[in-house]
Amino acid sequence: MSLFTRSRQLSDDTAEGGAKPAEETGTADPVEADGGTKPAEDTGSADPVEADGGAKPDEDTGTGDPADGTATDDAPENATPAQEPPSGQPPATKPGWFGWRHHYPRAARGVSIGTTVLAGALVLFALLVPNRIERIEFASFVRIPAEGVLLAGLLLALPSKPRRVTAVVTGVFLGLVTVLKFVDMGFYQILARPFDLVLDWILIENGTDFLRETFGRTGQVLAVTGVIVLFVALLVLTTLAVVRLTNLMVRHRPAAGRTVLILGTAWITCMTLGVQLGTVPIATKGNAEFLGNRVDQVRAGLRDARVFEKQAAVDAFAKTPPDQLLTGLRGKDVLFTFIESYGRVAIDDPAMAQQTDAVLKEGTGKLKAAGFESRSGWLQSPVTGAGSWLAHSTFLSGLWIKNQQRYRSLTTSDRMTLTKYFGKTGAWRTVGVVPGVRRAWPEGKYFGLDHIYDSEHLGYHGPYFSWTPVPDQFSMEAFQRLEHGKKDREPIMAEIILASSHNPWSPIAHMIDWEDLGDGSVFHQIKKEGTDPTEVWKDPEKVRAEYRKAIEYSIRSLTEWVERYGDDDTVLVFLGDHQPVPTVTAGDTGKDVPVTIVAHDKKVLDRVADWGWTDGLKPAANAPRWGMDTFRDRFMTAYGPRG
């Protein structure tokens, strides 16, 4: 057969819908031209396209796999393969993962199906995951989310372009909601409350500072980098997952429509009948409720500024003359001392009660032997887990400072605090001992303190104990050296914040002979002998044990100082600022903290006899419980002219 005749025959075959020979791939048939053997289609050998390593059409390679979300949802069902390149040009790029799918179609199909399954699992996880760790259980992920059913129905009903836009926007939004749930988990673990979208952004900076101070600069950078990477990855993956599932539903529209109808009916039935798996409802609209609560939270945060402004304008002592303020304490040294994280759990929890009770009884006995009496009660803090500055400002201002917005409003106002009233009398030198402060603290001026001693001005040359810059025993000794121990001085009012019981409670210092404190260098060896926080925090019981030891150390530092340096004119008020984190409280969300007044002069305690507080350093379980914001006015009334 001549080459001309062969070409005519092939052209006719093509016109009649026959198979295209190998030469249509763009290369002449050299074998036939030389009169050699017939081409592959005549000898029964493998398909010439496959033999040349060229790409098969979608229906042969699996690129049209329904489980593959990469195909467009608007492609015709019987679309023909892409036109092959003209003669003399190299073959087109191999389709699907650089030709891998062509060479391994079964494996490619398995990967495609597996990817789709993972996409579905991710979307289901994002829809169903709770925002609290303790609520995560198997039953949480076998529920029917109303939002998912409605979203699937919407995507099936939309035209092509709006559907694609909706799928992308939904994926990003779902990722953001999931991120917010994860942030809530962290806030519940530390503060026993959800993240506030209006007021809590500043706490993120505080959190990174805590990481640096506890685990070093490297630990901080690694943690922050990891969070950013996870955030971006989650947004990208949820978006891709929603798009992939949308394409799958559209290609199988009838089956997807029936599935949505069945799930919708099941959701209505389960919701109506209250069907549950254990204590978890099968039908849920948790995301709608979650977002609704967030909207209410934002509105409340915006309204709160106006409410707080009205509250701050009321001050029962604003017009009281200076010579009529705090007359019952004239000539006394008054110390207001906060013990970090000293909460009710340290006294009531069975795992800690025995040891803490022993320390409080020991302190009560030693103080009594030194001529001091004490009374104790309970205060309710505005925060739990963290946020000490909010508790301090609540106690001193007589206002409920429950968030950062209120704190900023307070510290930029002219509201009088307890410390300011002492200064207003002109009868006291007012000082602050704040070893936890290690950088500029402009708010310190608001509290009306004549002088502030931060961590850099206490003469300490020892090591940090995780977050804690200065051990409590050294802080109290520094106060004695710098202020209280001076001769021929005027009475002192001091605000002292003891930080050794600050999270993470590892390593912690222990009591040594007061004469051996020196410049604090002795604590280098004590720190080496302490525990490793990374090891302690692997076990909640170890965390609780170290917390208890830290509280005991802080109490001993304070009571031994009074026993050693206190005199007839010493009046000590000490309290916890808030409860510790939920890891220690074991889920108890109570906000009670102990408060105690210690005095050598019996007349000082007689003025609060009607408060009903318990004798000693340990408040009884049924002792009075007041809001921390009420203490300022009660205290100033008791020690005023009418007290």
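On a predicted model such as this, the values are computed, not experimentally measured, just so you know. FYI, the numbering just counts along the sequence from 1.
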What's the spacing between [X] [atom1] and [Y] [atom2] if we round to 0.5 Å?
X: M628; Y: D592; atom1: CE; atom2: CG; value: 9.5 Å
X: Q311; Y: S397; atom1: CD; atom2: OG; value: 10.5 Å
X: R193; Y: D196; atom1: CZ; atom2: CG; value: 6.5 Å
X: E552; Y: Y342; atom1: CD; atom2: OH; value: 10.5 Å
X: Q324; Y: F317; atom1: CD; atom2: CZ; value: 12.0 Å
X: R135; Y: M185; atom1: CZ; atom2: CE; value: 11.0 Å

Original post:
Can we call the ring centroids of W400 and F308 under 6.0 Å apart?
Top reply: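 For W400 and F308, the ring centres are not under 6.0 Å apart.
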Does atom [atom1] ([X]) have a neighbourhood of more than 12 heavy atoms from anything else shown, all under 6.0 Å?
X: R299; atom1: CZ; value: no
X: K285; atom1: NZ; value: no
X: D610; atom1: CG; value: yes

Could you pull out the closest heavy-atom pair between T430 and G448, with the gap in Å?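 Result for this residue pair: OG1-O, 3.1 Å.
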Between P641 and T327 the two heavy atoms that sit nearest each other are N-OG1, 3.3 Å
| query | Checking salt bridge (Lys or Arg N to Asp or Glu O under 4.0 Å) for the pair R556/D472: CA distance, chi angles, key distance, verdict? | reply | CA-CA 9 Å; R556 284 196 171 103; D472 290 349; over 6 Å; no
| request: List the steps and the verdict of side chain to side chain contact (heavy atoms under 4.5 Å, CB included) for Y421 and T417. | output: CA-CA 6 Å; Y421 275 123; T417 63; over 6 Å; no
Taking the six-membered ring of W611, is NZ or CZ of R375 closer than 6.0 Å to its centre and within 45° of its axis?
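Judged by the rule, R375 and W611 form no cation-pi pair.
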Kindly confirm or rule out a cation-pi arrangement of R132 over Y188, judged by NZ or CZ under 6.0 Å from the six-membered ring centre and within 45° of its axis?
-> yes
_Please verify the inter-ring angle class for F195 with W201; under 30° counts as parallel, over 60° as perpendicular, anything in between as tilted._
perpendicular
*Determine the interplanar angle of the H484 and F479 rings, folded into 0 to 90°, and report it as parallel if under 30°, tilted if 30 to 60°, perpendicular if over 60°.*
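Plane angle between 30° and 60°, so tilted.
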Got [X] and [Y] here, is their nearest side-chain heavy-atom distance under 4.5 Å?
X: F372; Y: L572; answer: no
X: Q380; Y: W626; answer: no
X: F173; Y: L291; answer: yes
X: L575; Y: I339; answer: no
X: P580; Y: V345; answer: yes
X: I496; Y: L498; answer: yes
X: L399; Y: R406; answer: no
X: S393; Y: F447; answer: yes

**Q.** salt bridge (charged side-chain N to carboxylate O under 4.0 Å, His left out) against R294, all qualifying residues, sequence neighbours excluded
**A.**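 R294 satisfies salt bridge (charged side-chain N to carboxylate O under 4.0 Å, His left out) with D184 once adjacent residues are dropped.
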Salt-bridge criterion met for [X] and [Y] (N-O under 4.0 Å):
X: K549; Y: E546; answer: yes
X: E483; Y: R489; answer: no
X: R481; Y: E477; answer: no
X: R344; Y: D588; answer: no

(request) For ring pair (Phe, Tyr, Trp, His ring centres under 6.0 Å), just list the numbers for F336 and F635, CA-CA rounded to whole Å, side-chain angles, deciding distance to a tenth of an Å, and then say yes or no. (result) CA-CA 12 Å; F336 295 103; F635 185 86; 5.5 Å; yes
Does the side chain to side chain contact (heavy atoms under 4.5 Å, CB included) test come out yes or no for V584 and V543, once each step is laid out? CA-CA 7 Å; V584 177; V543 174; 4.0 Å; yes
From the options V562, T337, I597, select the one residue that forms a side-chain contact (heavy atoms from CB on, under 4.5 Å) with F574.
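Among the candidates, only T337 passes.
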### Task
Decide side chain to side chain contact (heavy atoms under 4.5 Å, CB included) for L390 and Q404; before the verdict, give the C-alpha distance in whole Å, the side-chain angles of both, and the deciding distance to 0.1 Å.
CA-CA 8 Å; L390 303 181; Q404 193 65 20; 4.2 Å; yes
Applying the ring pair (Phe, Tyr, Trp, His ring centres under 6.0 Å) test to Y460, which of Y453, F474, F465 qualifies?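 Filter result, single survivor: F474.
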- Task: State whether a side-chain donor-acceptor pair under 3.5 Å links S388 with H578.
- Result: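 A pair is found: one side chain offers a donor N or O, the other an acceptor, under 3.5 Å apart.
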Fill in: Working for side chain to side chain contact (heavy atoms under 4.5 Å, CB included), residues I347 and D357
CA-CA 7 Å; I347 293 175; D357 185 60; over 6 Å; no
Working for ring pair (Phe, Tyr, Trp, His ring centres under 6.0 Å), residues F231 and F182
CA-CA 10 Å; F231 171 75; F182 285 148; over 10 Å; no
- Message: I'd like to know if the side chain of N293 reaches the main chain of E289, judged simply by a donor and an acceptor atom lying under 3.5 Å from each other, with no hydrogens or angles considered.
- Response: yes
Check the pair Y553 / W505 against ring pair (Phe, Tyr, Trp, His ring centres under 6.0 Å), numbers first and verdict last. CA-CA 11 Å; Y553 171 70; W505 311 299; over 10 Å; no
Any pair with a residue in residues 628-640 that passes salt bridge (charged side-chain N to carboxylate O under 4.0 Å, His left out), sequence neighbours left out, goes on the list, sorted by first then second residue, please.
->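 Only D315-R632 qualify under salt bridge (charged side-chain N to carboxylate O under 4.0 Å, His left out).
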